[in-house]
Amino acid sequence: MNTYNENLRSTIVSSLLSQEVDQKKLGSQKNAALFTLYHAQGAEIIAAEKLEAAGKQAVFQATVRKQAVNSSNMANNQLASTTQASQYIRQSVTNAAVCAANVKVAANSILRLAGDIGNIFSILMAADQDSALYKSAEYIRDLINDTAYSAETASHTAMEASMYTSEVASATLLDQSKNTNGLVNNLLKSCSADFDATSQAAAAASRELDTAVVNRGLVEGNLQDIAVDLDAAQSVYRTMNERLNLDLNVDNPGETSFTVHFAPIVNAFEDRNMPLPVVQDYYIIVVKNSKKFTFSMATAAAILEEEESKRHILKIDISIPQGTCSQMVKFKEQVLKDADGDEICYGQPYVVFLLAAYTQAYKMALNDFSNYLSAPSNTFVLTILWPKVQITVKSAFVTTKKDKEQTGSIYALRFHIKQNPLCDCLPEYRCILLPATTGLSKPGFVFDLAIAQQVAPGNYTVAAYMDTKDMDDHYIAYIGGETTDNFGSPLTDQAEYYVLVLTTSSPTVENTAGFTDTLSDLGVHSKFQYQISDRS
């Protein structure tokens with residue numbers, strides 16, 4: 001390769017690698033912004049739940065305070081009434097005693113008068129029974145006797161009235177009223193303090209929600225800015241790769257194959273009416289990503305000069321059409337090795353170089369007898385896909401009143417899964433509950449595979465393996481009072497939640513980079529209503 005071509009290729013490689021670095025940097029920033037948005041939306045949801053709970057508590061405390069005010073008013077009125085009653089009863093006791101004494105004095109006077117009249121009647125009866133004076137005395141005697149009897153009765157009644165009046169426990173009633181009034185007023189103070197505290201909590205929750213809403217808006221704006229920058233960087237990379245690197249790229253890296261795309265080299269002399277064949281053969285060379293900076297034309301030429309049976313290179317055995325060419329590489333059906341002679345393995349990042357061997361006639365026309373080596377393609381990793389769980393709540397959930405293994409559990413999430421035959425180990429199934437937003441078919445916040453992988457251990461439940469006779473493996477996870485949603489909030493009674501299952505590498509898996517996590521689909525069939533009460 002001449003100096004010009006070497007410098008040109010070096011410039012192309014460095015330019016593409018620079019753009020790839022920018023994409024990775026912006027991609028990392030976008031992921032970070034996405035996680036920040038997720039947490040900001042979570043903070044907003046939690047703040048809204050706090051505000052709703054504080055509002056309900058404030059209404060309850062207002063009702064309690066109103067009842068306490070009414071009770072306090074009644075207690076105050078009762079105390080005023082008992083105070084007045086105590087004063088009147090003391091006055092009544094004094095008046096009744098005075099009345100009884102006066103009636104007694106009058107009764108004694110009447111008795112003495114009755115005695116004197118009786119003596120006069122006795123004298124007249126002895127002296128002259130048939131006289132008019134005797135008859136008048138007899139009449140007066142009968143009247144005074146009746147009056148004396150009535151006086152005695154009135155005296156007895158007055159004394160009983162004085163006795164009954166003095167027996168009224170007005171002082172005790174007053175003391176009890178004072179005690180009751182004090183307790184009710186203390187209750188009113190306590191209820192008022194609780195109402196004030198709840199009102200302040202509701203106001204604080206409202207301010208917290210306002211702050212969360214503003215913060216979420218700022219984070220969304222930042223995410224959109226980064227997304228625009230990332231789209232621009234990706235567009236620049238695609239344009240540069242298309243114009244300067246034959247649009248070489250690798251896609252669909254999977255469990256058994258990957259596909260290489262590139263545009264065939266165009267004859268540089270077509271405008272001179274020189275229809276020369278350009279490329280004799282195209283070759284694909286797989287290189288470890290860590291060595292793409294040092295891989296050169298000299299290394300590629302050395303590989304090409306090896307015996308065909310020992311070459312770590314893949315010849316494209318197709319006729320090159322006009323436009324983009326695609327070549328699927330099935331590395332499981334053939335022993336494919338990288339440029340170092342190592343077998344292609346899962347979890348290892350690779351790039352692809354395209355080596356074009358020019359025809360001898362075209363080399364002579366160019367007056368350059370070197371071949372063409374592209375810049376590295378995009379980085380790709382071959383992985384095994386963990387099995388994806390298909391959740392349907394109606395068939396997956398079994399309500400249980402009480403379970404022997406999990407006391408107090410309300411729900412048992414059961415599902416069957418068929419393992420990937422390429423996996424020689426079992427994954428971990430993380431059951432994640434997402435709070436559902438009323439009226440929406442989605443949670444109302446961002447949540448994808450990348451975010452699911454970052455959910456804290458305390459905010460998901462790992463399903464346990466159940467030994468059954470089924471063809472597929474059977475797993476179960478319990479959801480109860482200690483279960484939290486993806487944000488770490490306790491489950492709310494009567495609230496709706498989405499169930500998602502993240503299939504990821506378990507702690508016993510050594511080569512975690514060789515596996516790709518999967519997340520179950522989110523939809524109406526994965527939603528259920530949580531209820532605290534036991535159900536049979």
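Along the sequence shown, the residues carry numbers beginning at 1. Atoms considered below: every heavy atom in the structure, side chains included; atoms not considered: hydrogens, waters and symmetry mates.
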Query - Interatomic distance, Leu434 atom CG to Tyr497 atom OH [nearest 0.5 angstrom] - result: 10.5 Å
Query - Distance-minimising heavy-atom pair for Val455 and Tyr38 - result: CG2-OH, 4.3 Å
Query raised in the report: Quick one: do Glu52 and Lys56 make a salt bridge, cutoff under 4.0 Å?
Result: yes
Query raised in the report: Roughly how far, to the nearest 0.5 Å, is the CG atom of Asp142 from the CG atom of Asp146?
Result: 7.0 Å
Query raised in the report: If we ignore angles and hydrogens, is there a donor and acceptor under 3.5 Å between the side chains of Asn77 and Asn73?
Result: no
Requested in this report: Please step through side chain to side chain contact (heavy atoms under 4.5 Å, CB included) for the pair Ser72 and Asn76, ending with a clear verdict.
Outcome: CA-CA 6 Å; Ser72 177; Asn76 291 335; 3.7 Å; yes
Report task. Drop me the distance from Gln19's CD to Gln234's CD, to the nearest 0.5 angstrom. Result -> 11.0 Å
Query raised in the report: So, Thr383 and Thr516: side-chain donor and acceptor under 3.5 Å apart, yes or no?
Result: yes
Query raised in the report: Would Lys25 and Glu20 pass as an ion pair if we require N to O under 4.0 Å?
Result: no
Query raised in the report: Taking the side chain as C-beta and beyond, is there a heavy-atom pair between Leu449 and Leu502 under 4.5 Å?
Result: yes
**Report entry** Asp521, Thr503, Asp517, Thr518 screened by side-chain hydrogen bond (donor to acceptor under 3.5 Å, both in side chains) with Lys388, the one that passes
**Finding:** Asp521
Query raised in the report: Does the side chain of Phe445 reach to within under 4.5 Å of the side chain of Ile45, using non-hydrogen atoms?
Result: yes
Query raised in the report: Does atom NZ of Lys30 have more than 12 heavy-atom neighbours, drawn from other residues, nucleotides or ligands, at distances under 6.0 Å?
Result: no
Report task. Please assess Ser15 against Met240 for the test side chain to side chain contact (heavy atoms under 4.5 Å, CB included), listing each intermediate value before the final yes or no. Result -> CA-CA 8 Å; Ser15 299; Met240 292 180 61; 3.1 Å; yes
Query raised in the report: Can you check whether Leu218's main-chain N or O pairs, donor with acceptor, with Asn222's side chain at less than 3.5 Å?
Result: no
Requested in this report: Take Leu34 and Ile451 through the test side chain to side chain contact (heavy atoms under 4.5 Å, CB included) and record every step on the way to the result.
Outcome: CA-CA 8 Å; Leu34 191 64; Ile451 294 177; 4.2 Å; yes
**Report entry** Distance-only donor-acceptor check, side chains Asn249 and Asn241, under 3.5 Å
**Finding:** no
Side-chain donor/acceptor pairs under 3.5 Å, residues 186-205, sequence neighbours excluded:
residue	atom	partner	partner atom	Å
Asn186	ND2	Gly182	O	3.2
Ser192	OG	Arg65	NE	3.4
Ser192	OG	Leu188	O	2.8
Thr198	OG1	Asp194	O	2.8
Ser199	OG	Phe195	O	2.8

Report task. Would you tell me whether Ser505 and Glu428 have side-chain atoms, one donor and one acceptor, within less than 3.5 Å of each other? Result -> no
**Report entry** Pair Tyr411 and Phe528, ring centroids less than 6.0 Å apart
**Finding:** yes
Query raised in the report: With no hydrogens and no angle check, do the side chains of Asn486 and Tyr498 hold a donor and an acceptor under 3.5 Å apart?
Result: no
Query raised in the report: Would you say the side chains of Gln348 and Asn289 form a donor-acceptor pair under 3.5 Å?
Result: no
Query raised in the report: Once you round to the nearest 0.5 Å, how far does CD of Gln41 lie from CZ of Arg216?
Result: 7.0 Å
Query - Flag, side chain of Ser71 to backbone of Val184, donor-acceptor distance under 3.5 Å - result: no
Query raised in the report: Between Tyr429 and Phe415, is the gap from one ring center to the other below 6.0 Å?
Result: yes
**Report entry** Validation row: Leu382, Phe258 side chains within 4.5 angstrom (heavy atoms)
**Finding:** yes
Query raised in the report: What distance separates Leu16 CG from Lys292 NZ, expressed to the nearest 0.5 Å?
Result: 10.0 Å
Query - Any donor-acceptor N/O pair, Ser177 side chain to Thr83 backbone, under 3.5 Å - result: no
Query raised in the report: Will you find, in the side chains of His261 and Asp251, an N or O donor that is under 3.5 Å from an N or O acceptor?
Result: yes
Report summary line: Shortest non-hydrogen pair, Tyr346 vs Leu422, comes out as OH-CD1, 4.3 Å
Report task. Apply side chain to side chain contact (heavy atoms under 4.5 Å, CB included) to Val381 and Tyr350, showing your working. Result -> CA-CA 6 Å; Val381 180; Tyr350 295 100; over 6 Å; no
Requested in this report: Ignoring hydrogens and angles, state whether a donor on the side chain of Gln419 or Asp473 is under 3.5 Å from an acceptor on the partner side chain.
Outcome: yes
Report task. State whether the number of non-hydrogen atoms from other residues, nucleotides or ligands found under 6.0 Å of Tyr139 atom OH is greater than 12. Result -> no
